[in-house]
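In what follows, a single structure is set out as C-alpha cells and then discussed.
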Amino acid sequence: MTLHSTETRPPEATAPPAPDATAEVAPAAAAAPTEPSMVRAGVRSFFRNRNNVIACAIMVPLVSIALLSPWLPLGNLTQSNLLASLAPPSLEHPFGTDKLGRDILARTFAGLRISILVGLAAATISLLGGMIIGTLAATLGKRVDAAVSSLVDVLMAFPAVLMAIVIVAVFGPGPVQLIIALGIASMPAAIRLQRSLALSIVSSTYMDAARMANASAWWNVRRHMLPNSVAPMMVVASIYAAEAILAEAALSFLGLGVVPPTPSLGNIIADGQNYLREAWWISTIPGLTIVLLSLSLHFFSDGVREQLDPALRATVMRARKERRWMRRSR
Amino acid sequence: MLRYAGRRITAMIPALLVIIVLVFALLRMIPGDPAVFIGGENIGPEALQALRERLGLAAPLPQQFLDYLASLARFDLGRSLHTQLPVTSIIGNAITLTATIAITSTVLGLLISVPLGVVAAYSKSKGRNRGDGALMAVVMVLDNVPSFWLSLLLMLGLSYGLGLFPISGAVSWSDPGAMAARLALPVIVLAIGQVAALTRVTRSAVVETLGRDYVRTARAMGTPEPTILFRHALPNAALPIITMTGLSFGRLLAGTVIVEAIFSIPGIGTQLIQAITGRDYPVVQGLILVYALIFLTINVVTDVVYTRVDPRVRLA
C-alpha cells in the first residue's frame with residue numbers, strides 16, 4: 001500500500017475511535033433523517049474540505065458519464081466501420097477512431113463503466129471480508145488471532161497485482177473473476193487494519209463500560225466495533241478501489257482481465273500500443289481517464305481522513321484561519 | 001547482528017511452508033479437471049492420463065504433496081509443458097535480467113526521490129508552502145499514472161519522436177551499450193513508479209528531523225544549511241526511507257511483470273505472463289514460488305539493514 005497525502009502515517013494512527021456518543025447518533029441520522037440539521041451539518045463539513053470538493057468535481061462527471069453511457073448517442077461500440085479506420089480526432093469522432101473504425105470516445109466511456117464497476121465491487125469485497133475476518137481475529141481469542149495474523153503476514157508479502165494475476169491464472173480471465181481476484185488481493189491489508197482497529201476498540205474505556213454492563217459479545221461487535229471502524233476503513237477502501245482500477249487496467253492490458261470485444265480502459269490502451277506510431281489518440285484518452293479516476297479516489301481518501309483525524313483537522317482549520325487573518329491585515 | 005539475521009531466516013520457514021502449500025494448491029484449485037483445462041477439451045484419454053502423470057495429479061492427494069515436497073528438496077521444479085526445459089533453468093536465465101532492471105530502477109528512484117523529498121521538506125520548514133505543495137501535487141499525479149500507460153507515452157515521445165531508445169530487438173549482454181539503451185525506458189518507467197512513495201516518505205521523515213532540538217542547536221551554532229540538511233537531518237531520516245524502499249521494491253517487482261511485457265524483455269515477468277496464457281502450470285508454480293521467496297527475503301533484508309543503520313533498534 002502506498003502512503004498518501006501530506007503526512008505519512010500508518011492508517012491505524014489516523015483513526016482514534018470516535019467518542020461513543022457520535023457513533024450512536026451518526027447511524028441513526030443516516031438511517032432516518034429525523035435530524036435534518038445533523039445531516040446538513042455533515043454534508044456542509046464534507047464540502048468544506050478542499051480534497052473532498054476536488055474529488056467530487058472529478059468523480060461526479062466521470063461516474064455520471066459512465067452510468068449514462070448506454071443512453072448517450074455515441075453509436076455502436078463493437079460494430080466496425082473500416083472507412084473510418086484510424087481516423088484522427090475530428091468533430092464526428094472527438095477522440096478519433098481505432099483500427100476497426102470504432103469511436104474511441106464511446107469505447108472509453110463504456111470501458112470507464114467497467115472500470116468503476118470492477119473498482120467498487122472489488123473494494124467492497126475487500127472491505128467486507130476485511131471487516132468480518134479482522135473483527136473475528138480480534139474477538140475470537142488468541143489462537144484464531146495468531147492463525148489469521150500469520151496467514152495475513154505471508155499474503156501481505158505478495159503485491160496485490162501479482163496476487164490478482166495468480167488468481168486469474170487459476171480461474172481464467174473475465175470481469176467476475178477479476179472482481180473476485182482484486183477483492184481477495186487487497187483483503188489481507190484490510191484484515192490487518194480492521195484487526196488493529198478492533199483491538200484498540202477492545203481496550204477502550206467505553207468497551208470496559210459495556211463489559212461491566214454485561215453486554216454480549218455480539219452487542220459489542222454490532223454497537224461498538226463495527227460502527228467505530230467503518231469510517232477509517234472507508235479511507236482505505238477508496239484507496240483499494242483506486243488500486244483495483246489500476247490493477248484491472250493493467251491486467252486487461254496484459255490480456256488477463258476484460259477480454260475484447262468488451263471494451264475496458266486497459267484493453268483499449270493495449271490495442272493502441274499496436275498503432276502507437278500511426279494513431280497516438282487510441283491510448284492517450286483512456287489512460288488520462290484512468291489517471292483522473294484514480295486521482296479523485298485518492299483525494300476522496302485524503303479528505304475523509306482529514307475529517308476523521310481531529311489533530312489533522314485542527315491544523316487545517318488553524319492554517320486556514322491564519323491565512324484569512326493575514327489576508328485581512330494586508 | 002549475524003545471530004539476528006539467522007533468527008529472522010529461521011522465522012521465514014513457517015511462512016515458506018504456507019507458500020509451498022498455496023503453490024501446491026494452485027494447480028488443484030482449477031475448477032473441474034486441471035488436466036482437461038490445460039490440455040484442452042479435445043485431448044484423447046491416453047494423452048490426458050499422461051498429462052496427469054506429468055503434472056503429478058495421478059496419485060492420491062497426500063502422496064502428491066509428499067512427492068511435491070521431495071522434488072522441491074531436490075530443487076526440481078518440473079519441466080515446462082511446451083519447451084520441455086527444466087523450470088529451474090528457465091527461471092535462472094530470466095532472473096538476472098529482471099534483477100538488473102529492478103535494482104537499477106530502485107537506485108534511480110532513490111536518486112530522484114530523496115533530493116525531491118529533501119527539497120520539499122526544506123521549503124516546508126522554511127514556510128515556503130507553495131513550493132512544497134507544488135512538488136507534492138506533481139508527486140501525487142505521478143502516483144496515479146499507470147505504468148503501462150506511462151511506458152506508451154515515453155515510447156511515443158522518446159523512441160518514436162526523438163529516436164532515443166530502441167524498443168525492440170535482441171536483449172543480450174554481448175553489447176553493453178545497446179543493452180543499456182534497450183533497458184533504459186523500462187528502468188525509467190519503474191523508477192518513476194517508485195518516486196511517489198519514496199518522495200513522500202523522505203519528505204515527512206526530513207520534516208520531522210528538521211524540527212528536532214539538535215537541528216535547532218546546529219542552526220544556533222551557525223552551521224551552514226547544507227550541512228544541517230545532509231549531515232544531520234537526512235541520516236536521521238534514513239530509517240523510514242529504507243523501510244519504504246523495501247516495501248516498494250515488492251511493488252516494483254510486480255511492476256516488472258507489466259513493463260517487461262510491454263518492452264518484450266524476456267525476464268521472469270514475461271515468462272509468468274507467457275506461462276499463464278499458455279497454461280504452462282509447472283512454470284507458473286515455479287515462478288510463483290520464486291517470487292514468494294524474493295518477497296520474503298526482501299522483508300528480512302530490510303529488517304536486518306534497519307538494525308545496521310539505527311543502533312537504537314534492539315535486536316529482540
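So that the names make sense, note that chain A is the first sequence line, chain B the second, and so on, each numbered from 1.
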Can you tell if the side chain of B:Asn144 reaches within under 4.5 Å of the side chain of A:Ile290, non-hydrogen atoms only? no
Taking the side chain as everything from C-beta on, heavy atoms only, tell me whether A:Leu288 gets closer than 4.5 Å to B:Trp149.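 When only atoms from C-beta onward are counted, B:Trp149 and A:Leu288 do touch, with a gap below 4.5 Å.
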Most heavy-atom pairs under 4.5 angstrom with chain A, which of [options]?
| options | value |
| --- | --- |
| B:Asp132, B:Ile294, B:Val18 | B:Val18 |
| B:Ile262, B:Leu150, B:Asn299, B:Leu22 | B:Ile262 |
| B:Val145, B:Ile298, B:Leu156 | B:Leu156 |
| B:Ala120, B:Ala254, B:Pro146 | B:Pro146 |

I need the residue from A:Val161, A:Leu246, A:Leu295 with the largest number of non-hydrogen atom pairs under 4.5 Å to chain B.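 Max contact count across the listed options: A:Leu295.
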Show your working on side chain to side chain contact (heavy atoms under 4.5 Å, CB included) between B:Leu253 and A:Leu162 and close with a plain yes or no. CA-CA 9 Å; B:Leu253 220 52; A:Leu162 209 60; over 6 Å; no
Proximity breakdown for [X] and chain B, heavy-atom pairs closer than 4.5 Å:
| X | answer |
| --- | --- |
| A:Leu251 | neither |
| A:Ser283 | both |
| A:Leu155 | side chain |

What pair of heavy atoms forms the shortest contact from B:Phe148 to A:Ala249, and how long is it?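 So the two residues come closest at CZ-CB, 3.5 Å.
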What are the two closest non-hydrogen atoms of B:Leu152 and A:Phe253, and how far apart are they?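 Closest approach of B:Leu152 to A:Phe253, heavy atoms only: CD1-CE1, 4.3 Å.
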Any chance you could measure A:Leu254, atom CG, to B:Glu260, atom CD, to the nearest 0.5 Å? 11.0 Å
Among B:Ile288, B:Leu272, B:Ile258, exactly one meets side-chain contact (heavy atoms from CB on, under 4.5 Å) together with A:Ile165. Which residue is that?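 When side-chain contact (heavy atoms from CB on, under 4.5 Å) is applied between A:Ile165 and each of B:Ile288, B:Leu272, B:Ile258, only B:Leu272 qualifies.
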